[in-house]
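Have a look at the structure below before the remarks.
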Amino acid sequence: MEHSVTVEQQFEIIKRGVLDIVPEEELLAKLKKSHQTGKPLRIKLGIDPTASDIHIGFAVVLRKMRQFQDMGHQVILIVGDFTASIGDPSGKSETRPMLSAEQIRTNAETFASQFWLILDREKTTVTFNGDWLGKMSFADVVRETSRVTVARILERDDFQNRLSEGRPVGLHELLYPIAQAIDSVEVQADVEVGGSDQRFNILMGRDLQEANGMEAQVGLFLPILPGIDGVQKMSKSLGNYVAVTDEPNDMFGKIMSIPDDVMADYYTLCTDVGTDEIEAIKAGIASGSVHPMDAKKRLAREIVTIYHSAQAGVDAQAEFERVFSSREVPLDMPEINLPESELENGSIRLTRLIAIAEMASSSSEARRLIQSGAVSIDGEKITDVMGSITPIDGQTLRVGKLKFARLRMI
RNA sequence: GGGGGGAUGCCCGAGUGGUUAAAGGGGGCAGACUGUAAAUCUGUUGCCAAAGGCUACGUUGGUUCAAAUCCAACUCUCCCCA
């Protein structure tokens, strides 16, 4: 333990951005005990390998784990390779597809390379729950499931909703919380961290640990970070996410597009900006002394700084202002190589050009974009769907607000 | 094991023989406005070598000049009874 940090200080750091700690006194007691004995707490986090990239919503939980590590505690990541074959029903309105073993492995590997952007590798143990769940006998399963009542499992909202809507609920899905709880028993977790949607699963871990004669883990719940649409939870499948590996300009831009009312959440959960300062920003916006856009630029800069560098943050802001405030062309843009062979009498159909540049998902979409006035070349709008242009090396093709490309004749 | 529903585009949901690439809503995309915010308004929303063609209403097969619509089998699913 780093004795320079008192238990009370540890507790304060841990509480930042946290929605709920169940039960708070137990966490305090565990921290004290760890401080006295010098034995680190075992902090558990279950990773769902159905996703493949770490986004800043998931990073909220990882950052919390990192705080524990910085105070000397041990983080145990459990890759849910086995549980992924069940599919976490939490908050879901339908059964999740089961993943193949290969898919899970690939995802887990991608994850692994990204964890260390946030976590301290030295203080992290990575395990796969297939190692123990896969080896349980039916008798083991019966024994563990006997500790939980059906009513208890079915009382959850997600199951209730699905049942009342006449949607299917697979029997195996009822086992998910139990599987996750067995993980807690297996790794002897002191604390399990998760999003608020993990409440049920994590509390189940407490029950099962007690039933197995060990001290129950403490549940630490973090708010779910809304996606950049500001409404739904951030997730890759909804496309409303900011990946930790996003390029600085993209990252900055995505943050700028979040609705104002989730800005404070982003500040608390995704940055290290002090709580007092966040309050001051909120107050400033409320009183009109701080322009929300400036507050958001600061936010975007902070986040880019975390995953790239302070300089990258400054540069990304400059680029953002250049393109969106001054309406100039970006400094960097992808180039599209246009072979002579594509030209007919020196010109090319615009729809074809957009297709080559992969700036629309289909040529039908390219037509629509042209029709709606979203396409321009060197700032000149083109609206003729059948139109051809005579491309010149170095021209800028713009499709919609965000997509730019420079033409290169080859 | 018995009986009764249901499966439509990204999602919800209308449609019960031709006028249906399929109403309406949500979401998405684009345009205007703006702060790449919100709100609002407008357009658009299967694909292609594009005044034409192709593919689509759980799957397969059938009836018909014509099927999302009728028939058969199958698959999945929900409810009631046991």
Side-chain angles (χ1 to χ4, degrees), chain A residues 92-95 97-98 159-171 173 226-233 235-242 246 248-267 281-282 284-286 288 290-301 303-304 316-330 342 344 348-356 358-376 379-388 397-404:
Chain A
K92 297 290 169 192
S93 55
E94 53 192 73
T95 307
M98 295 191 181
F159 286 146
Q160 282 300 318
N161 292 341
R162 281 161 66 181
L163 287 172
S164 65
E165 285 163 18
R167 310 179 79 93
V169 176
L171 183 57
E173 293 181 79
I228 55 177
D229 57 359
V231 183
Q232 292 186 277
K233 128 179 203 182
S235 84
K236 190 171 187 186
S237 52
L238 294 171
N240 61 355
Y241 69 104
V242 180
D246 275 347
N249 290 344
D250 280 349
M251 197 178 263
F252 196 97
K254 283 185 184 176
I255 300 296
M256 287 307 288
S257 74
I258 64 169
D260 288 358
D261 34 318
V262 296
M263 234 199 297
D265 288 340
Y266 272 63
Y267 260 109
I281 292 168
K282 276 202 252 182
I285 292 173
V290 174
H291 193 296
M293 185 179 59
D294 292 325
K296 209 181 281 175
K297 282 179 180 170
R298 160 90 190 274
L299 172 67
R301 211 168 56 232
I303 293 176
V304 173
Q317 178 164 347
E319 180 70 359
F320 177 85
E321 285 165 356
R322 178 189 172 80
V323 178
F324 297 105
S325 309
S326 317
R327 296 183 185 276
E328 289 175 51
V329 178
E342 288 287 349
E344 249 177 82
I348 184 170
R349 283 270 284 280
L350 194 52
T351 45
R352 175 72 189 147
L353 182 61
I354 293 171
I356 292 172
E358 296 179 332
M359 291 165 97
S361 58
S362 67
S363 87
S364 299
E365 193 188 349
R367 297 171 141 253
R368 276 178 232 127
L369 289 166
I370 296 169
Q371 264 164 355
S372 59
V375 177
S376 64
E380 200 176 320
K381 194 175 279 190
I382 300 176
T383 50
D384 179 11
V385 177
M386 301 302 284
S388 294
L397 171 65
R398 180 174 194 167
V399 177
K401 236 179 288 193
L402 305 170
K403 288 179 237 163
F404 293 87

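In what follows, chains are A, B, ... by sequence order, proteins preceding strands, each numbered from 1. Everything numeric here is computed off the predicted structure, so don't read it as measured data.
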Quick one: look up who B:A73 pairs with, Watson-Crick or G-U, both distances under 3.5 Å, and put none if it's unpaired.
B:U59
Please state the P separation for the pair B:U59 and B:A7 - nearest whole angstrom.
13 Å
Roughly how far, to the nearest 0.5 Å, is CD1 of A:Ile255 from CZ of A:Arg301?
13.0 Å
Write down the atom of A:Glu365, the atom of A:Ala360, and the distance for their closest heavy-atom approach.
OE1-C, 3.9 Å
What is the distance, rounded to the nearest whole Å, between atom CD of A:Glu328 and atom P of B:U36?
14 Å
Quick one: does A:Asp294 reach the base of B:G35 with a side-chain donor-acceptor pair under 3.5 Å?
no
Give me the distance, rounded to whole Å, that separates B:A37 from B:U69 when you measure between the P atoms they each carry.
45 Å
Using whole Å, report how far CG of A:Asn249 lies from P of B:U36.
15 Å
Distance col, row A:Ser326:OG vs A:Phe320:CZ, nearest 0.5 angstrom, shows 10.5 Å
Rounded at 0.5 Å granularity, tell me how far CD1 in A:Ile356 sits from CD in A:Glu342.
3.5 Å
Near A:Glu321 CD, under 6.0 Å, is it more than 12 heavy atoms from other residues, nucleotides or ligands?
yes
To the nearest angstrom, the CE-P distance between A:Met256 and B:A37 comes to 9 Å
Given RNA chain B, 5'-ward residue of the pair A:Arg352 and A:Gln371, judged by closest heavy atom:
A:Gln371
Taking the P atom in each of B:G58 and B:G53, what is the distance between them to the nearest angstrom?
26 Å
What about A:Ser363, does its side chain sit under 3.5 Å from the base of B:A49 through a donor-acceptor pair?
no
For the side chain of A:Ser362, starting at C-beta, report the closest nucleotide among B:A50, B:C48, B:G35.
B:C48
With the side chain counted from C-beta on, respond yes when A:Phe324 and A:Leu402 share a heavy-atom pair under 4.5 Å apart, and no when they do not.
yes
Could you tabulate the donor-acceptor pairs under 3.5 Å formed by side-chain atoms of residues 367-375 of chain A, not counting sequence neighbours?
| from | atom 1 | to | atom 2 | distance (Å) |
| --- | --- | --- | --- | --- |
| A:Ser372 | OG | A:Arg368 | O | 3.1 |
| A:Ser372 | OG | A:Leu369 | O | 3.1 |

Taken to the nearest whole Å, CE/A:Met263 to P/B:A37 is 12 Å
How close or far is atom C1' of B:A50 from atom CG of A:Asp384, stated in whole angstroms?
14 Å
Taking atom P in both B:U19 and B:A66, what distance in whole Å separates the two?
14 Å
When we call it a touch if two heavy atoms are under 4.0 Å apart, what does A:Pro292 touch: a base, just sugar-phosphate, or nothing?
base
Expressed in whole Å, how much space separates the C1' atoms belonging to B:U55 and B:U8?
16 Å
When rounded to the nearest Å, what value does the distance between C1' atoms of B:C80 and B:G25 take?
32 Å
If you assign each of A:Met386 and A:Lys296 to its closest nucleotide in RNA chain B, which residue comes earlier from the 5' end?
A:Lys296
Would you tabulate the nitrogen or oxygen pairs shorter than 3.5 Å linking the protein to nucleotides 28-31 of chain B?
| from | atom 1 | to | atom 2 | distance (Å) |
| --- | --- | --- | --- | --- |
| B:A30 | O2' | A:Ser372 | O | 3.4 |
| B:A30 | O2' | A:Ser372 | OG | 2.7 |
| B:G31 | O4' | A:Ser372 | O | 3.3 |

Any heavy-atom pair between the side chains of A:Ile258 and A:Leu299 that's under 4.5 Å?
yes
Identity of whatever pairs with B:U20 - Watson-Crick or G-U, under 3.5 angstrom
none
Taking a pair to mean Watson-Crick or G-U wobble geometry with both distances below 3.5 Å, B:G52 pairs with B:C48
For the pair made of CG in A:Asp260 and P in B:A38, what is the distance, rounded to whole Å?
8 Å
When rounded to the nearest 0.5 angstrom, what is the spacing between NZ in A:Lys297 and CE in A:Met256?
5.5 Å
Say we look at B:A22 and B:C33: how far apart would their P atoms be, to the nearest angstrom?
32 Å
What integer distance in Å separates A:Gln232:CD from B:G26:C1'?
11 Å
Quote, to the nearest angstrom, the P distance that separates B:A67 from B:C78.
33 Å
Scan nucleotides 74-82 of chain B against the protein and return all N/O pairs shorter than 3.5 Å with their distances rounded to 0.1 Å.
| from | atom 1 | to | atom 2 | distance (Å) |
| --- | --- | --- | --- | --- |
| B:C78 | O4' | A:Gly166 | O | 3.4 |

CZ/A:Arg398 to CD/A:Glu380 distance, rounded to the nearest 0.5 angstrom?
14.5 Å
Both distances under 3.5 Å, Watson-Crick or G-U wobble: report the partner of B:C41, or none.
B:G31
In whole Å, what is the span from the CD1 atom of A:Ile354 to the C1' atom of B:A49?
17 Å
Would a distance-only check, ignoring hydrogens and angles, find a side-chain to backbone donor-acceptor pair under 3.5 Å from A:Tyr267 to A:Lys296?
no
Any strand is fair game: report the nucleotide pairing with B:C10 by Watson-Crick or G-U wobble, both distances under 3.5 Å, or none.
B:G26
Electrostatic pair A:Arg352-A:Glu344, nearest N-O below 4.0 angstrom:
no
How would you label the contact of A:Arg349 with the nucleic acid (heavy atoms, under 4.0 Å): base, sugar-phosphate, or nothing?
sugar-phosphate
